[in-house]
Amino acid sequence: MIGLCSPGRKERGSVTTAVDDDDFQHILAQTRQFVRTAVMPREQEILDQDRVPDDLRDQAKKMGLFGYAIPQEWGGLGLNLAQDVELAMELGYTSLALRSMFGTNNGIAGQVLVGFGTDEQKARWLEAMAVGDVVASFALTEAGAGSNPSGLRTKAVRDQGDWVISGEKRFITNAPVADLFVVFARTRPADDAGPGIAVFLVPADTAGVEVGAKDAKMGQEGAWTADVSFTDVRMPAGALIGGSEDIGYRAAMTSLARGRIHIAALAVGTAQRALDESVTYAATATQGGTPIGNFQLVQAMLADQQTGVMAGRALVREAARLWLTDEDRRIAPSAAKLFCTEMAGKVADLAVQIHGGSGYMREVPVERIYRDVRLLRLYEGTSEIQRLIVGSNLVKAEQRRH
């Protein structure tokens, strides 16, 4: 099992911590073994019960997966984004509920704390998150503010040195089991000084916090989401992340952009699984006594799947490299998420087609994959939002040159 004290180097500031390559290859191999031998045989159980079994959760905790992207100084494994995407491609190979279980700790919720929290806030929460004793949820999305956070209506007002938060959040991942909500709220209307959006650390057991029933979704059984309401939730000044009202919007955008590269990698891993299932089926299933993989039209579908997976993997790795060098943290994350999640949908569709009627049956992996990957094109910003980000930033960059 992976330990929480893997040796490596630690760097502060804009450069993300990283373990050395030998340690990382050990982590990657252990994760691959866990996915292939412990989780994959129980995918149907996860689907049927709509939950990840407790023993798999405990194994993930012992392996350090609840804190793989949290810096080592706060108890995590300290993987940088280039290593993160390699791990994500392994995690994407099985039920996406596994990755979702610890995804918010390492991703959109945890990275807000890592990048913008005070030392006191990090000390209070990150070590507990890294070992899986605390599950953090990213509470941004609202009924009227999904892919565009500037439209959020949740409010936070000052009252005798405290903050009082009121509003409704939707589709919040891990909300039913969350110990901590990273809550985005408007403190004032947007003005010349900034968007007026702050972010707060709100423990789930705080008075006025109420979690709704688990959402019934198309797919991703075992990955729980729910609505969360905040009714006059009173929090001390120390709950304001970074101690500044104006950090929230930048924290959201930075965390989401980083998360987009991770989701792109996850999509590549899932697409690889769909491809592998398709190749196995094509090589063994017969039509008129002939393996269907011998038919040229089936081979053409496999070729399209393979090409998409290879292109997606290369794009994810390049986007992660550009993030780490700080060359591109706007266009590349959105381009990677756009291509890879759309690609995964096409590969999954072809997988069902190759399987024929059996691909439409429950208990066949490609049927589950077909439903699971549809969500990837929606969260962390829809495909349409990614197109707007890529296109607008290309135009702005050219305009700045003139």
Side-chain angles (χ1 to χ4, degrees), residues 32-33 35-48 85-86 88-99 217-222 263-319 335-378 383 386-387:
R32 183 181 299 116
Q33 181 181 15
V35 166
R36 306 292 175 103
T37 64
V39 184
M40 284 177 58
R42 301 177 71 180
E43 289 172 346
Q44 192 61 39
E45 179 184 350
I46 293 171
L47 191 158
D48 291 339
V85 299
E86 299 298 328
M89 286 189 277
E90 293 297 333
L91 296 170
Y93 202 77
T94 189
S95 168
L96 296 185
L98 176 75
R99 195 277 331 181
K217 304 189 299 297
M218 176 192 292
Q220 297 205 17
E221 292 87 355
I263 294 300
L266 195 68
V268 172
T270 307
Q272 181 69 63
R273 173 69 182 284
L275 167 61
D276 291 348
E277 294 285 343
S278 299
V279 172
T280 298
Y281 187 83
T284 56
T286 60
Q287 179 70 39
T290 301
I292 65 169
N294 289 5
F295 301 146
Q296 289 182 334
L297 288 178
V298 173
Q299 292 173 2
M301 288 189 278
L302 294 173
D304 286 347
Q305 289 178 310
Q306 174 73 8
T307 303
V309 170
M310 291 184 69
R313 184 177 290 112
L315 180 54
V316 160
R317 288 172 171 165
E318 175 66 359
K337 182 183 184 290
L338 172 62
F339 178 84
C340 292
T341 58
E342 294 282 346
M343 175 274 294
K346 294 172 185 175
V347 169
D349 185 74
L350 287 171
V352 173
Q353 195 71 15
I354 290 167
H355 280 70
S358 65
Y360 198 67
M361 298 296 111
R362 289 294 171 101
E363 302 188 8
V364 175
V366 297
E367 184 275 338
R368 172 185 55 79
I369 292 169
Y370 182 84
R371 291 182 293 107
D372 282 355
V373 298
R374 188 59 184 86
L375 183 57
L376 300 182
R377 288 148 63 186
L378 300 177
S383 292
Q386 308 314 323
R387 289 185 172 96

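In this text the structure is predicted, and so the values were computed from the model without any measurement. We number each residue from 1, following the sequence as shown.
Formation of a donor-acceptor pair under 3.5 Å by the R377 side chain with backbone atoms of E342 is not found in this model. Side-chain N or O atoms of Q220 include none that pairs as donor or acceptor with a backbone N or O of L96 at under 3.5 Å. A distance-only check finds a donor-acceptor pair linking the side chain of Q305 to the backbone of V347 [under 3.5 Å].
Within 6.0 Å of the OH atom in Y360, the count of heavy atoms belonging to other residues, nucleotides or ligands does not exceed 12. For F339, the CZ atom counts as densely surrounded, since its 6.0 Å shell holds more than 12 non-hydrogen atoms of other residues, nucleotides or ligands. For M310, the CE atom sits in a loose shell: 12 or fewer heavy atoms of surrounding residues, nucleotides or ligands are nearer than 6.0 Å. The number of heavy atoms from other shown groups lying within 6.0 Å of CD (Q353) does not exceed 12.
The side chain to side chain contact (heavy atoms under 4.5 Å, CB included) test applied to A267 returns C340, T341, A344, L376, not counting sequence neighbours. In this structure, Q306 has no side chain to side chain donor-acceptor pair (under 3.5 Å) partners at least two apart in sequence or on a different chain. Under the ring-ring contact (aromatic ring centres under 6.0 Å, His included) criterion, Y281 pairs with H355, sequence neighbours left out.
For the residue pair A274 and A348, the shortest heavy atom distance occurs at CB-CA, 4.4 Å. Taking both residues in full, the closest heavy atoms of G219 and D372 are given as C-OD1, 3.6 Å, listed atom of the first, atom of the second, then distance.
The OG1 atom of T280 lies 11.0 Å from the CD1 atom of I354; values are rounded to the nearest 0.5 Å. A distance of 4.5 Å separates CD1 in I46 from OG in S95, rounded to the nearest 0.5 Å. The CG atom of D349 lies 10.0 Å from the CE atom of M301; values are rounded to the nearest 0.5 Å. In this structure, NZ on K346 lies 10.0 Å from CE on M343, to the nearest 0.5 angstrom. Between the OG1 atom in T270 and the OH atom in Y370 there is a gap of 15.5 Å [rounded to 0.5 Å].
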I292 and T286: side-chain contact (heavy atoms from CB on, under 4.5 Å), yes or no, with the steps?
CA-CA 5 Å; I292 65 169; T286 60; 5.9 Å; no

Given the rule in the side-chain contact (heavy atoms from CB on, under 4.5 Å) test, do E221 and D48 qualify, once you have shown the distances and angles that lead to the verdict?
CA-CA 8 Å; E221 292 87 355; D48 291 339; over 6 Å; no

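Using a cut-off of 4.0 Å between Lys/Arg side-chain N and Asp/Glu carboxylate O, R273 and E277 are scored as salt-bridged.
Judged purely by distance below 3.5 Å, without hydrogens or angles, the side chains of Q44 and R368 never pair a donor atom with an acceptor atom.
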